[in-house]
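First up is the structure itself, then whatever we jot down about it.
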Amino acid sequence: MLRSIALLIVLVMSVSLASLRLQTPAPAPDTAPEDQFSAARAMADVRRIAQAPHPTGSAENAEVRAYLIARMEALGLEVSEQTAPLPETSIARLRRWGEQVPDDTVLTNLIGVVRGSNPESRAVLLMAHHDTVANSPGAADDSAGVAVILESVRAILAANSRPQRDLIVLITDAEELGLDGARAFFDSHPLRERVGVVLNLEARGGGGLAMMFETGRDNAGMVRLYARHAPRPATNSLAAFVYDAMPNGTDFTIPKDEGIAGLNQAFIGRPSQYHDPSATPEALDQGAVQHMGDNTLALARALIDAPSLPAPGPDRVFADYLGFFVLIHGPLLGWVLALVSLACIVGAGLLARRHDRLSLLDAGHGVLSGLWIVVMGAIVAGSVRLAAGPPMTRASSPELYYTLLRRLPWLETGLFAAALGLLVLVMATGLHAGSRSARGFAMALIGAIWFVPLAALGFLGLSPVPLLISLALFVAACVMWWAIAGRRPAPLAAWLGVLALILVLSLPVQAIVPVTAHMLLWPLTLASLAAVLVAWKDPDIRHPATLIALGVMAVIITAWLIVFGHNGFLGIGMDLPAIVMVVALLALMALRPLQPEMGARVLMPLALVLVVGGIAMAGLGRVLEPEVRSADGVQMTAHSH
């Protein structure tokens with residue numbers, strides 16, 4: 001009974017803590033101290049810039065530039081303009097958007113400079129773009145970035161201290177057309193040789209925390225600076241690795257490719273506002289502006305007054321913990337963590353065997369339960385994803401992409417609900433429901449869920465390969481469930497089986513892409529250390545003190561995984577829904593020792609409700625968020641964020 005209560009408390013606390021730490025900060029009013037960032041003051045610029053769409057070459061774009069020049073001059077910057085001809089491809093794109101532009105249309109970058117006391121020092125560059133796509137006022141993308149830079153510069157100059165380094169403000173044009181403005185600056189502008197570090201600000205949505213999702217090459221120094229100075233960090237090296245591997249790009253791509261150090265920040269919540277008419281100042285999350293501004297101001301101050309810029313070094317493994325701090329280490333430390341975890345798992349196994357609490361069948365049950373989460377998770381994730389809309393392919397229209405962005409919150413909610421349902425089902429295996437009923441219930445559930453992607457793929461007329469893969473997953477899920485359902489394993493032995501499975505899975509990740517292995521190795525190391533203590537002191541996991549300690553461990557891990565999964569899913573997108581099921585597998589590592597003693601008659605129907613409800617939630621998004629029919633047809637390009 002105590003374990004059942006502890007599990008319930010852990011789940012509630014984990015979800016609550018993760019939800020709390022995902023909230024953006026309250027926007028500071030315009031009465032905030034002059035040397036601090038105020039979202040209210042920044043919003044005055046957003047409202048003026050984002051009154052209407054202002055793509056490159058338009059009259060509205062010229063009006064925005066005139067306003068920005070006046071604002072920059074009022075702040076005390078030395079302001080200049082840089083013009084460059086637009087490539088033919090960008091001219092063609094503007095015309096497909098419906099813009100009537102001549103063949104000799106030019107882009108116009110705005111450059112402002114604050115002179116530092118040491119003109120020989122390398123300069124710090126703050127960058128955002130002032131143009132938008134043709135159908136969106138772009139309050140987030142990228143009026144918010146421009147406004148954050150203006151307010152940050154104002155706060156820096158309000159301190160009445162001349163910075164040591166030059167501070168360059170670059171507000172580019174034609175980013176939405178193909179990064180043309182940034183390319184023009186770094187190709188030919190005289191100031192490009194002075195730039196030592198770049199802070200770029202972007203958005204792909206209208207809210208949420210501002211993620212530091214990309215770094216320059218050899219990022220060791222810049223990551224350490226971010227960790228020391230960002231008031232509320234939000235970052236991880238998995239996001240940086242994934243974004244680097246994607247075909248997407250922002251203005252930061254240009255200096256990054258030239259070897260200039262820097263950081264790229266963006267908020268990606270409220271995805272329906274991305275390149276959409278709904279991206280108005282009124283719809284923008286002012287807390288997202290505040291979060292981006294607080295971090296940008298702190299980082300800019302640290303850089304412009306630094307005696308030397310952060311030194312380059314081999315890429316680091318890093319991630320924030322719920323916005324409280326950032327953990328950083330070298331890739332090789334991952335092997336140390338793997339060895340520590342191995343030693344702890346072996347040690348816990350030896351202690352459990354000494355107490356006669358280790359059964360290979362029970363440990364195998366833990367391994368199979370984890371594998372079942374992987375296999376069944378693939379089936380469920382596919383069902384939830386297809387409920388939200390058809391799969392994306394190279395031939396898919398931009399309208400489908402933007403339609404799915406609108407449905408993304410529904411899809412994410414459905415995925416997390418279904419993942420929780422699978423966890424509940426695994427935790428309920430072998431309870432008082434009995435072997436035959438447990439197996440029969442799950443077989444019916446697996447078959448029903450499997451039929452959805454099978455039928456959908458068949459109706460869509462796709463190749464038989466996905467159908468065969470789906471059939472193989474179905475058979476594997478049935479076989480594994482038949483092996484584990486109805487057996488009530490000892491909690492410690494089953495827990496050690498899950499830990500061993502995660503360790504085995506982490507080794508190839510650590511060997512191939514070590515900057516991403518922390519998602520597995522950090523929680524694994526903590527859970528393995530806890531397993532040794534439990535095997536030593538309370539192998540039956542019955543003492544209240546043991547349950548409290550395990551509960552704390554589980555909350556620490558599970559809350560972090562929920563935030564990690566949320567940010568990862570929004571960042572990677574709707575066509576890799578299995579990332580949420582990876583979170584479910586890792587959460588099993590933290591929750592398995594709290595295996596409930598009873599309640600199968602409640603838990604199994606609850607699992608069914610969560611899984612089927614998750615699929616229904618994604619389907620509801622399809623109903624409430626109809627297809628986008630007015631997309632311009634060219635927004636989904638290689639430079640999209």
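Along the sequence shown, residues carry numbers from 1. Values in this document were obtained by computation on a predicted structure and should not be read as measured data.
- Residue pairs satisfying the ring pair (Phe, Tyr, Trp, His ring centres under 6.0 Å) criterion with at least one member in residues 493-518, sequence neighbours excluded, are listed as follows: H518-W522, H518-F564.
- In this structure, F318 and M212 have side chains that are in contact, with non-hydrogen atoms separated by less than 4.5 Å.
- Taking 4.5 Å as the limit, every side-chain heavy atom of V46 sits out of range of all side-chain heavy atoms of V289.
- With hydrogens and angles disregarded, a donor-acceptor distance shorter than 3.5 Å links the side chain of D320 to the backbone of T235.
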Which donor-acceptor pairs under 3.5 Å do side chains of residues 265-273 form with protein atoms, sequence neighbours excluded?
from: Q265; atom 1: NE2; to: T296; atom 2: OG1; distance (Å): 3.3
from: R270; atom 1: NH1; to: A283; atom 2: O; distance (Å): 2.7
from: Q273; atom 1: NE2; to: A283; atom 2: O; distance (Å): 3.1

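- In this structure, R406 contributes its side chain and E625 its backbone to no donor-acceptor pair below 3.5 Å.
- In terms of modelled atom types and a separation under 3.5 Å, the side chain of D131 and the main chain of E176 share a donor-acceptor contact.
- Not a single side chain to side chain contact (heavy atoms under 4.5 Å, CB included) links V504 to another residue, sequence neighbours left out.
- In this structure a side-chain-to-backbone donor-acceptor pair under 3.5 Å is missing from T558 to A587.
- Taking S278 as the reference, D276 meet the side chain to side chain donor-acceptor pair (under 3.5 Å) condition, with sequence neighbours excluded.
- In this structure the side chain of L561 never reaches within 4.5 angstrom of the side chain of V582, judged on heavy atoms.
- The side chain to side chain donor-acceptor pair (under 3.5 Å) check on N264 picks up N200, E214, T250, with sequence neighbours excluded.
- Looking at residues two or more places apart in sequence or on another chain, you find a side chain to side chain contact (heavy atoms under 4.5 Å, CB included) between R21 and L17, R232, L322, F324.
- Partners of L624 according to the side chain to side chain contact (heavy atoms under 4.5 Å, CB included) rule, which considers only residues two or more places apart in sequence or in another chain, are W410, L620.
- Taking 4.5 Å as the limit, some side-chain heavy atom of L588 sits within range of a side-chain heavy atom of M427.
- In this structure a side-chain-to-backbone donor-acceptor pair under 3.5 Å is present from Q290 to A39.
- Residues satisfying the side chain to side chain donor-acceptor pair (under 3.5 Å) test with S341, not counting sequence neighbours, are T525.
- In this structure, the side chains of E627 and E399 stay at 4.5 Å or more apart for every pair of heavy atoms.
- Counting only heavy atoms from C-beta outward, the side chains of N567 and V563 approach each other to under 4.5 Å.
- Judged by distance alone, the side chain of S16 and the main-chain N or O of M13 form no donor-acceptor pair under 3.5 Å.
- For T132, the side chain to side chain contact (heavy atoms under 4.5 Å, CB included) test picks out P53, H54, P55, with sequence neighbours left out.
- Using modelled atom types, one side-chain atom of H291 and one backbone atom of A210 make a donor-acceptor pair closer than 3.5 Å.
- The shortest heavy-atom contact between L404 and G389 is CD2-CA, 4.1 Å.
- Using cut-offs of 30° and 60° on the angle between ring planes, the pair Y243 and F213 is perpendicular.
- Considering only residues two or more places apart in sequence or on other chains, T24 meets the side chain to side chain donor-acceptor pair (under 3.5 Å) condition with D285.
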